[in-house]
Amino acid sequence: MNRPTAVITGGAGFLGSHLCDRLLSEGYSVVCVDNLITGRLSNIEHLTDNPDFDFVRHDITRDLHLDQDVDCVLHFASPASPRDYLELPIQTLKVGSLGTHNSLGLAMAKGARFLLASTSETYGDPLVHPQSEEYWGNVNPVGPRGVYDEAKRFAEAMTMAYHRYHGLDTRIVRIFNTYGPRMRGHDGRVVPSFIQQALAGEPLTVFGDGSQTRSFCYVADLVEGIFRLLKSDVTTPVNIGNPREMTVLQFAEKILELTESESVIAYRDLPVDDPKIRQPDITKARRELGWEPSVDLDAGLSETIRYFKGEPTSIPGAHPVGAP
Ligand code: UDP
């Protein structure tokens with residue numbers, strides 16, 4: 001029997017590589033497309049001998065031609081940590097715009113379903129709390145984060161245009177803060193930063209006074225939500241994230257507790273336009289997908305801490321700190 005084929009752009013990244021694993025285990029052939037500017041081969045090296053897995057090193061801001069039939073295209077390529085997209089502003093804008101256009105074009109050419117990885121950043125620094133899909137957001141287009149937020153907002157608009165104008169079968173997931181094994185140790189995001197700082201006995205760098213909030217979703221829960229969305233018939237955006245909200249300072253204390261670290265907290269300047277609050281309203285995901293997160297924070301963080309210690313986890317391809 002022929003396996004359906006999924007193309008995953010950004011497939012060597014944190015989320016993309018977990019999606020490669022999941023789709024392979026669901027019986028798909030997977031073509032992983034990545035230019036490796038923030039993705040890593042180490043995230044997918046456990047798949048290289050799998051006959052149903054192909055890696056194509058390619059920048060999706062350029063045309064992509066594939067010979068084989070394709071059943072779905074999942075567009076996950078983009079720098080996704082604030083540090084990365086501030087260092088790669090043009091690439092971030094290009095992959096959200098040209099990369100989305102090319103990925104949509106591939107889906108059109110193949111008659112494939114298209115799923116866009118969008119983000120809670122489409123809500124910007126939100127004035128509505130928690131954020132439901134109906135909220136249009138509060139984004140500063142000309143601030144430093146605008147390169148990511150506006151690229152993703154453009155990507156959503158482009159996806160809906162292909163859906164409405166060309167009748168393309170599309171899905172949009174708005175991903176809230178997610179963590180787990182295979183995050184890059186030095187991507188600057190709060191989860192790997194605090195864990196690595198705590199394990200090294202270095203101060204945990206809390207930006208601002210630490211009163212800003214985030215809601216952290218374990219990667220296995222996120223992948224389950226995305227897979228359900230892919231299989232559903234919901235063509236409007238769906239939030240996937242964990243509604244358990246906490247301040248960044250509470251999160252720092254949680255990391256100190258779980259790592260049994262003696263590190264102190266060091267306060268640093270709050271980045272420009274850093275959202276003050278963030279919590280997904282997942283009513284729609286519950287109703288339409290029958291999905292909600294099931295991994296509690298301590299369990300997910302403990303697994304992630306094991307990963308950063310270089311200890312075995314239930315996730316294949318775990319690499320110790322500092323691995324490429
Ligand atoms: N943050 C922090 N210290 C760090 C990294 C991040 O206090 O070393 C804060 C950051 O200011 C933000 C939150 O943690 O309020 C989450 O930041 P992250 O970069 O993980 O992702 P964001 O949710 O901002 O996209």
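Basis for what follows: all heavy atoms, side chains included, without hydrogens, waters or symmetry-related copies. Read the numbers this way: they start at 1 and go in the same order the structure lists the ligands and their atoms.
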**OP:** Kindly give the heavy-atom pair with the smallest separation between R113 and L230, and that separation in Å.
**Re:** NH1-O, 2.6 Å
Original post:
By salt bridge (Lys or Arg N to Asp or Glu O under 4.0 Å), which residues pair with R287, not counting sequence neighbours?
Top reply: none
**OP:** Please list, by chain and number, the protein residues whose heavy atoms come under 4.0 Å of ligand 1.
**Re:** P82, E121, R145, N177, G188, R189, V190, S193, F194, T205, V206, F207, Q212, R214, V248, P271, D274, R278
**OP:** Under the salt bridge (Lys or Arg N to Asp or Glu O under 4.0 Å) rule, collect the residues that match up with D209, sequence neighbours excluded.
**Re:** none
**OP:** Report the residues that fulfil side chain to side chain donor-acceptor pair (under 3.5 Å) with N177, sequence neighbours left out, ordered by chain and then residue number.
**Re:** R278
**OP:** Start with the C-alpha gap between T259 and K309, add the side-chain angles, then the distance that decides, and say whether side chain to side chain donor-acceptor pair (under 3.5 Å) holds.
**Re:** CA-CA 10 Å; T259 53; K309 282 179 169 170; over 6 Å; no
Original post:
Quick one: is the NZ or CZ of R182 closer than 6.0 Å to the six-membered ring centre of F14, and within 45° of its axis?
Top reply: no
